[in-house]
Amino acid sequence: MRILSGAAAAASVRQIAARGSRYAEVEPAVRRIIADVRRSGDRAIRKYAKRWDGLRPGTPLRVSEEEIQTAWKSARPDLKRALRAAAANIRCFCEMQKPVEWTRTRQGISVGQLVRPLNSVGCYVPGGRYPLMSTLLMTVIPAQVAGVENIRVTSPQPQADVLAAAAMLGVREVYRVGGAQAIAALAYGTQCIPRVDKIVGPGNLYVTAAKKQVAFDCSIDFLAGPTEVLFVSDSGSPEFIAGDLVAQAEHDPEALAVLITTRRDLANQVALWVKKFIEKNAVARESIRRNGVILTSASRQQSFEWANEIASEHLTIDRKDVQLVRNAGSVFVGDYSPQAAGDYASGPNHVLPTGGAARFRGGLSVLDFVKVISVQKLSRPGLRRIAPHVELMARTEGLQAHAQSIRSRCGHA
């Protein structure tokens, strides 16, 4: 793993922070797929599913409820216990996230907010290198807590473990659809798959590019690219740090793995542990070779200037440094908060912003599945109190009808 310091480290930070996407490479192909699905519906879906996902002729696109329930009945007891424990923690965290309705009244003016769930969402569960049953939990549970009535899961060749998780959560709609074609189906609807109000969940480059293209017609969570892990530490365990760097690196050869530290000796020790851990992990080895780097900074302040500029998906820090974090998808504090715990069972969501998007938002949450609607009620005295200000501002903007709508009410008082 490369170790950089001084000007080379600063240049590396700028390069990482400016990391772009590869969406342009696949956008023409994705555009054709979306157009095909909009034009031909299920026929196009089946064509692509047969070509890329091995869907057999005659196999229903929708997974039957019997197959979903059979997956749960056939699941190992220890896996059932693990799924239940993870789901309980995720649900508890989501319940605490849920916004509340409120009303405040002052001098004849009542204002407040309503909280209403979306009607339908599509949860994309990747099915490529690693079928992620954990992603089904992370996307479906916050939607359920929000009160979403119609939850549709799409996944290419959904494995039994994914279906078992769906059964445990009571999900009734699972479709054997993946890739850009799944996003198109959810956004626009087909004969078999009804359209949804919002699409959430991570996917490969084609999935993400498709989400980008449909975003003006169907709401999405965000564009999630390859996994990112960033450590900022001067006192962490070299073995633990290296373990987390490699754990996230094994997701994807394009994953980003970075350590920032003021201690050269810690940098050297972590590099040795990483070398040991990647010996038998081909994906992580390639990821570390491409995008693994250790940056030595001149001070703790500089470390966090760099970290906040990078705005990583996952960020692990020492206990004393929480207040220094401005930009991160999810934060892990101290030696005994491995990022893998967040990937599965600690409670916070693992669907997180990448590519610097942590500069302006956090991870998937219950807030992604609700609408917060403002409400206001004015009494006659309350309106009279602000009427002069409203009329003046309306006339200043040249909106005479606005001013008249106020005068007519106050004139009849």
Side-chain angles (χ1 to χ4, degrees), residues 45 49 53-56 59-95 117-179 181-183 185-186 190 192-204 207 221 224 343-345 347 349-351 364-366 368-369:
I45 291 290
D53 302 326
L55 184 72
R56 296 174 182 172
T59 302
L61 290 176
R62 181 169 175 173
V63 180
S64 69
E65 290 191 42
E66 180 182 3
E67 187 177 347
I68 294 172
Q69 294 304 320
T70 297
W72 175 252
K73 293 173 184 176
S74 303
R76 303 188 313 274
D78 57 346
L79 178 60
K80 288 183 177 180
R81 288 192 296 272
L83 287 170
R84 288 191 181 111
N89 288 344
I90 297 165
R91 194 173 297 278
C92 180
F93 187 82
C94 289
E95 291 286 356
L118 302 182
N119 179 64
S120 58
V121 299
C123 300
Y124 188 89
V125 177
R129 185 178 290 107
Y130 307 109
L132 300 180
M133 58 186 172
S134 55
T135 296
L136 188 140
L137 302 183
M138 296 288 183
T139 54
V140 169
I141 292 174
Q144 290 179 330
V145 171
V148 177
E149 185 174 346
N150 299 294
I151 299 173
R152 301 180 178 109
V153 172
T154 64
S155 184
Q157 294 182 313
Q159 302 296 306
D161 294 343
V162 171
L163 295 179
M168 181 191 69
L169 297 181
V171 175
R172 300 172 64 89
E173 290 187 61
V174 180
Y175 298 92
R176 296 182 178 89
V177 183
Q181 60 272 22
I183 302 304
L186 291 170
T190 70
C192 175
I193 305 173
R195 68 181 301 177
V196 299
D197 296 326
K198 188 168 189 173
I199 301 168
V200 302
N204 64 17
V207 168
D221 46 3
D343 284 344
Y344 293 102
N349 213 288
H350 81 195
V351 181
L364 193 70
S365 76
V366 173
D368 285 290
F369 299 94

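- Looking only at side-chain heavy atoms (C-beta outward), Leu83 and Leu137 come within less than 4.5 Å of each other.
- Not counting sequence neighbours, the partners of Asp161 by the side-chain contact (heavy atoms from CB on, under 4.5 Å) test are Leu79, Met133.
- With sequence neighbours excluded, the residues satisfying salt bridge (charged side-chain N to carboxylate O under 4.0 Å, His left out) with Asp368 are Lys198, Arg361.
- For residues 62-72, the pairs satisfying side chain to side chain donor-acceptor pair (under 3.5 Å) are Glu65-Arg172, Glu67-Arg176, with sequence neighbours left out.
- Taking every heavy atom of both residues into account, Asp53 and Gly178 meet most closely at OD2-N, 3.9 Å.
- For the side-chain hydrogen bond (donor to acceptor under 3.5 Å, both in side chains) test, no residue two or more places apart in sequence or in another chain qualifies with Arg56.
- Nearest heavy atom pair, residue Ser134 against residue Tyr344, reads CB-CD2, 3.7 Å.
- The closest side-chain heavy-atom distance from Gln159 to Leu163 is not below 4.5 Å.
- Counting only heavy atoms from C-beta outward, the side chains of Tyr124 and Thr139 never approach each other to under 4.5 Å.
- With contacts defined as side-chain heavy-atom distances shorter than 4.5 Å, the pair Met168/Ile68 does not qualify.
- Ile183 is listed as a side-chain neighbour of Val207, based on a closest heavy-atom distance under 4.5 Å.
- Taking the side chain as every heavy atom from C-beta outward, Leu136 and Val153 approach each other to under 4.5 Å.
- In this structure, Pro126 and Pro202 have side chains that are in contact, with non-hydrogen atoms separated by less than 4.5 Å.
- Considering only residues two or more places apart in sequence or on other chains, Asn349 meets the side-chain hydrogen bond (donor to acceptor under 3.5 Å, both in side chains) condition with none of them.
- Of the possible polar contacts, none joining the Asp197 side chain to the Leu118 backbone as a donor-acceptor pair under 3.5 Å is found.
- Sorted by first then second residue, the side chain to side chain donor-acceptor pair (under 3.5 Å) pairs that include residues 146-155, not counting sequence neighbours, are Arg152-Glu173.
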